[in-house]
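Values below: every heavy atom of this structure, side chains too, minus hydrogens, waters and symmetry copies. Each ligand, and each atom within it, is numbered from 1 in the order the structure gives.
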Amino acid sequence: MSNEKKGMTMTHFPTATVLGYPRIGANRELKRALESFWSGRGGNPATTAEELRDTRTNRLRELGLGEAAAVPEDFSYYDQVLDITIATGALPSRFAPEREVLKAQAATPESEEALRAQFTVARGQGDRPALELTKWFDSNYHYLVPEIGPETALEWLGSPRVATAQRLGEAVRPVLVGPVTYLALAKASEEAPEGYNPLDRLDDLVAVYTQYLRALKEAGVQWVQFDEPALVTHRHRTPQEREALLDALRRAYTALGNEGVNLAVALTYGHAFDAVDALAETPVQAVIIDVVRGKKPGAAELERWATSLKGKTLGVGVVSGRNIWRADLDADLAVLREIKAGLGEAVAVAVTTSTSLQHVPHDAERETQLDAELRSWLSFADQKVKEVAVLARGLAEGDEAIAAELEASRAAQASRKAHPGVEKAEVRQATAAVTEEQRTRGDAAERHDAQAAALGLPVLPTTTIGSFPQTDEIRRARAAHRSGKIDDQAYEEAMKKEIAEVIAAQEEIGLDVLVHGEAERNDMVQYFAENFEGFATTAHGWVQSYGSRCTRPSILWGDVTRPEAITVEWSRYAQSLSKRPVKGMLTGPVTIMAWSFVREDIAWGEVADQLGLALREEVGDLEAAGIKVIQVDEPAIRELLPLREEDREDYLAWSVGSFRLATAGAAPATSIHTHLCYSDFATIVDAIDRLDADVTSIEASRSKLKVLPAVAEHGFHRGLGPGVWDIHSARVPSTEEIADLLRVAVGALDTEQVWVNPDCGLKTRAWEETSATLRNLVEATRIVREEIAQ
Ligand SMILES: [Zn+2]
């Protein structure tokens, strides 16, 4: 037995742990290493990876995770789902050459060849598209979607986890996406027959996981954590489907639990009590639940588990892995004590986070530019690790053992409650007084006629989504202004020059509805966060979005007000340069919330209405400045959609309500546009309809406008601009290609409804491909207009 050889004894599950930790590095070391490697500037990401794994392990131990197996070993070069795809050989057939390389390198999974192969799968190459990226549950993290079919050759191809576990020893606990979640998140491969369910491959996959576990055991590992968040989502419409999933869970863990390694299974991003029951029937030694996003177990569950989990551990995810707010230790302890009392002596209780900490930045202590009081309310990953350790101590030894921490926690809660920016009477009164009327625009047909008269647009009007290429010149000017190298006036001139160029270019290309180009915005959310009150921005608060990409969300901590007009002068200037309408450009309440860290001390519906009212003032000011078309972007409205069907109506009510509050003050002749960019528009077409915008632009080109029949079937009668240019690729689509898409649109919808636009903003594109494509877009529109006229 390798364990005995190493002189280890089987450990209990740690009393304090976290389910995962940010992987990108406190200074985004991984991002830099990856991007340098990809661009051929050299370096070997494996060196950075080893440093990061050592640093984080030491750091986590130092912060209080000193027990055996308390440090999660969840480092990933790119994505935790891709890690399983690679380790189990589950590559789609277009990556057969990479699979060969990975197989040859199975013993050295961090060799340059193996890493290169992995990155090719993640990023695509030539005409072989990458695995699809999609959102990890309701978070802002994106994973790479596995493609599984009957032909997928599942086979153990090795993993860096094994050598790392061996090197780092008993301190760490390897973390893997569990087999059920892996297959539940997979889509059927191209070769798979119609209606194929990847879960059909469960037994084959479990056989490969078994080899993985054996390798980890050989390396001396005592505990392995499997993440099974798919169990919480209820995407299964019938009780039979649910039962099948629970069955899969039982089957998988009955097999995996017999390999002589202790297993912990984490049910995160919500609650799934039936899955706890199912796991209790298996040899799994610890089950972890999320009591932050999920429900807390009630008396009935606790009574059941007191027996069914006898001799095992229930990990209670009580510290949020999703938000950045300091824990209320008293409240958390109360929850833990109630659960512990309900479970009795025979079930151990461990304290942990509700999810991996991959969704939060590293360390709030580094945000020294923030107001010290505000900073005292925050808790990033490192602070959360300490909170978990303190709670475990309090649970084991009582309040006295953590008296100082409790006092600090109470002081922070009190200071937050008392802060004048947290609750502003005028804001609360305004949101309380909101009427249905304020959320309701006039009759759509009347609006249509008034807008037609005001704008005089041709059929198939052409426009863009807002941003134009963000050139180095623009970035330099913004940075110089920020650091004080140029003054306000010089900055304003630089931006105006940019706006003038963007307007001139659009006129010359022949677009019908123009934009000012958004040069002054670093980011469509942060820009508003910086100009509203109630927000703070961080200096180091980066979180991984996907691969090497990170975002730096703002913090929405207080009641929101708009001290002064934000976008009006830029729009007024842009409009003064053209006789054609120039769109005003705002970001909607839901997107601002989705891409920020949002306060949780008041309901999100209230926060959304505060934003709605602030934006409503901006809409009014834009109108007063002569802007006839105002676009309020809501690309994230789908993203916050609750995982559970039963929570959706509530969400749609407040999210749609806040958008309407922002926009319904506009006159009938003012055209309100919105923009959404993701592919499954069809699933929420009803909600989009309820937004009551006059025109909606959507992402559609990648799916060749496949969504349109669903839209038409729904009876969506408003203006719709299905994107005809996939701006995520640098390719310049030809006039014929765009004309073909337009013909599809005109065929599926009323000609009157159709707008012509790209999929999304152009800020990541270069000028060259932008002007070439927009020219083709205008020419394609001319051709199709002629065809219609005949
Ligand atoms: Zn977009």
* May I ask you to decide whether Glu520 forms a salt bridge with Lys497, counting only side-chain N to carboxylate O separations under 4.0 Å? => no

* Would you tell me whether Thr735 and Glu779 have side-chain atoms, one donor and one acceptor, within less than 3.5 Å of each other? => no

* So with a 6.0 Å cut-off around CD of Glu190, is the heavy-atom count from everything else above 12? -> no

* Specify the closest pair of heavy atoms between Ala669 and Ala450, including all atoms of both residues, with the distance to one decimal. => CA-CB, 3.8 Å

* Structure fact -> Within the 2.8 Å cut-off the protein N, O or S neighbours of the Zn ion (ligand 1) are His675 NE2, Cys677 SG, Cys760 SG

* Examine the side chains of Gln526 and Ser554 and answer whether a donor and an acceptor come within less than 3.5 Å of each other. => no

* Is there a donor in the side chain of Asp512 and an acceptor in the side chain of Thr462, or the other way round, less than 3.5 Å apart? -> yes

